[in-house]
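Report on the structure given below.
None of the values given here were measured: they were computed from a predicted structure.
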Amino acid sequence: MSGSIEFGLYEILDDRFRYCVNGDTRLEKLHGDCRWAEGPLYLPAWRQLIWSDIPNDRLLRWDEATGTVGVLRSPAGHTNGNTLDREGRLISCEQGNRRVTRTEHDGRTTVLADRYRGRRLNSPNDAVVRSDGAIWFSDPDFGITSDYEGHRAESEIGACHVYRIDPRSGEVQLAADGFTGPNGLVLSADEQRLYVSDSREGHIRVFDIRADGTLADGGVFAKGGDGPAGRIRFDNIRFDCDGRLWAAAFGDGIHCYAPDGTLIGRILVPEPVSNLTFGGPKNNRLFITATTSLYSLVTSMTGTHRVRCPEESE
């Protein structure tokens, strides 16, 4: 199909996107008092969503049952991305503290990574956990270029990489290099490939995961190209259960890519989009952080990679 068709909230660029427009026809604004919202994470056991307000140095929490919003943690180390490990513990990328941490069930904080070969990390941005416990995280310099989202400092490493935390030894290993602004991470459904967005390059790369956890470059999966506000950049990325890749594209809304890398549609959002995640009881509610706000949208798609917490019944 050539050209595009606007369908209210959605822009259809390919017939394969038509199934995706069968949910809500408007965005629901859940909160709007942030400076720069990032890192949404749905907690199924508690029916809550947490997210980061990086410049205000706090983690916020929205309760699905009551609709109320409160502060989960402040200060929060200018936390950016959040995820869960396979035991339901919170994994956070603390830009300001230049580390990746785990919040234990009793509330204690364990530092998982803060250095590579003795040198401080730049400012960890996003993380993903595989079923064997391995953690990959991106380490751009966004949190050390100014005091707005962290603390201005020189990079001790001198480059921006993706790292892996070994699940047995805890060693921080270089997984892949060649980035200028590595950002969002997501695993394929079979956990054999890792997708990484590079905000400064305006593309999403795909890597095959070797047996030792290092990454073999599989090339560029998608390019942002040019949009109304200039070059399109990507932040975080997520898969749905049918293999479509959803990407936060800042001022160009949310992009949806078919498994072959074709851009098939967009969700139009009134503010520049930083992050997205699937959640809700059916894992079909799309939560979106966009500049000052948290939005949601109940969709016809279901997200993948939902972590089952110990508190949930089997």
Side-chain angles (χ1 to χ4, degrees), residues 36 38-39 41 50-59 72-130 132-185 187 194 196-199 212-215 235-236 275:
W36 180 249
E38 284 263 17
L41 172 67
I50 66 170
W51 78 99
S52 307
D53 183 3
I54 304 177
N56 285 326
D57 195 14
R58 59 184 182 173
L59 283 174
L72 175 67
R73 183 180 296 168
S74 181
H78 296 281
T79 291
N80 193 321
N82 299 284
T83 191
L84 293 177
D85 71 6
R86 293 329 191 200
E87 296 182 32
R89 297 171 295 188
L90 177 64
I91 306 295
S92 296
C93 295
E94 299 181 10
Q95 284 192 169
N97 293 331
R98 300 169 71 170
R99 64 187 191 179
V100 179
T101 62
R102 181 179 66 218
T103 301
E104 308 296 345
H105 291 304
D106 62 4
R108 292 180 297 112
T109 298
T110 299
V111 178
L112 301 179
D114 61 359
R115 295 178 183 272
Y116 172 65
R117 293 184 173 177
R119 298 179 179 180
R120 292 190 72 187
L121 298 172
N122 296 322
S123 55
N125 183 282
D126 196 18
V128 64
V129 183
R130 198 164 68 170
D132 63 359
I135 300 173
W136 285 267
F137 67 92
S138 56
D139 187 42
D141 59 4
F142 305 152
I144 59 174
T145 57
S146 75
D147 291 314
Y148 188 67
E149 293 189 359
H151 305 288
R152 187 181 183 91
E154 295 295 324
S155 171
E156 296 185 13
I157 295 174
C160 301
H161 301 314
V162 171
Y163 298 95
R164 174 181 180 267
I165 304 174
D166 185 87
R168 295 177 179 83
S169 67
E171 179 187 2
V172 177
Q173 306 163 337
L174 177 65
D177 55 15
F179 303 94
T180 57
N183 200 320
L185 309 175
L187 286 165
L194 181 71
V196 183
S197 69
D198 192 321
S199 295
D212 64 357
T214 58
L215 305 177
D235 201 306
N236 91 315
N275 270 220

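Checking side-chain atoms of Arg130 against main-chain N and O of Leu187 turns up no donor-acceptor pair under 3.5 Å. Counting only distance, with no hydrogens or angles, the side chain of Asn122 and the backbone of Ala159 share a donor-acceptor pair below 3.5 Å. Ser138 places a side-chain N or O within donor-acceptor distance of the main-chain N or O of Asp126, the cut-off being under 3.5 Å. A donor-acceptor pair is defined here as one N or O able to donate and one able to accept, closer than 3.5 Å; such a pair exists between the side chain of Asp57 and the backbone of Gly77. A donor-acceptor distance shorter than 3.5 angstrom exists from the side chain of Thr79 to the backbone of Ala76, with no hydrogens or angles considered. A donor-acceptor pair is defined here as one N or O able to donate and one able to accept, closer than 3.5 Å; no such pair exists between the side chain of His161 and the backbone of Asp177. A donor-acceptor pair under 3.5 Å links the side-chain atoms of Ser123 to the main chain of Pro140, judged by distance alone.
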Output a table of donor-acceptor pairs, distance under 3.5 Å, between side-chain atoms of residues 146-154 and any protein atom two or more places apart or on a different chain; print 'none' if there are none.
residue: Ser146; atom: OG; partner: Tyr148; partner atom: N; Å: 3.2
residue: Asp147; atom: OD1; partner: Arg152; partner atom: N; Å: 2.8
residue: Arg152; atom: NH1; partner: Thr145; partner atom: O; Å: 2.8

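Atom CZ of Arg115 sits in a crowded spot, with more than 12 heavy atoms from other residues, nucleotides or ligands closer than 6.0 Å.
Listed by chain and number, the residues in a side chain to side chain contact (heavy atoms under 4.5 Å, CB included) with Leu72 are Ile50, Leu59, Arg61 (sequence neighbours excluded).
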Worked check of side-chain hydrogen bond (donor to acceptor under 3.5 Å, both in side chains) between Ser155 and Asp141: CA-CA 7 Å; Ser155 171; Asp141 59 4; over 6 Å; no

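Annotation: the span from Asp139 atom CG to Leu174 atom CG amounts to 10.5 Å, rounded to 0.5 Å. Taking CG of Asn80 as the start and OG of Ser92 as the end, the distance is 10.0 Å to the nearest 0.5 Å.
Glu156 is not listed as a side-chain neighbour of Tyr116, based on a closest heavy-atom distance of 4.5 Å or more.
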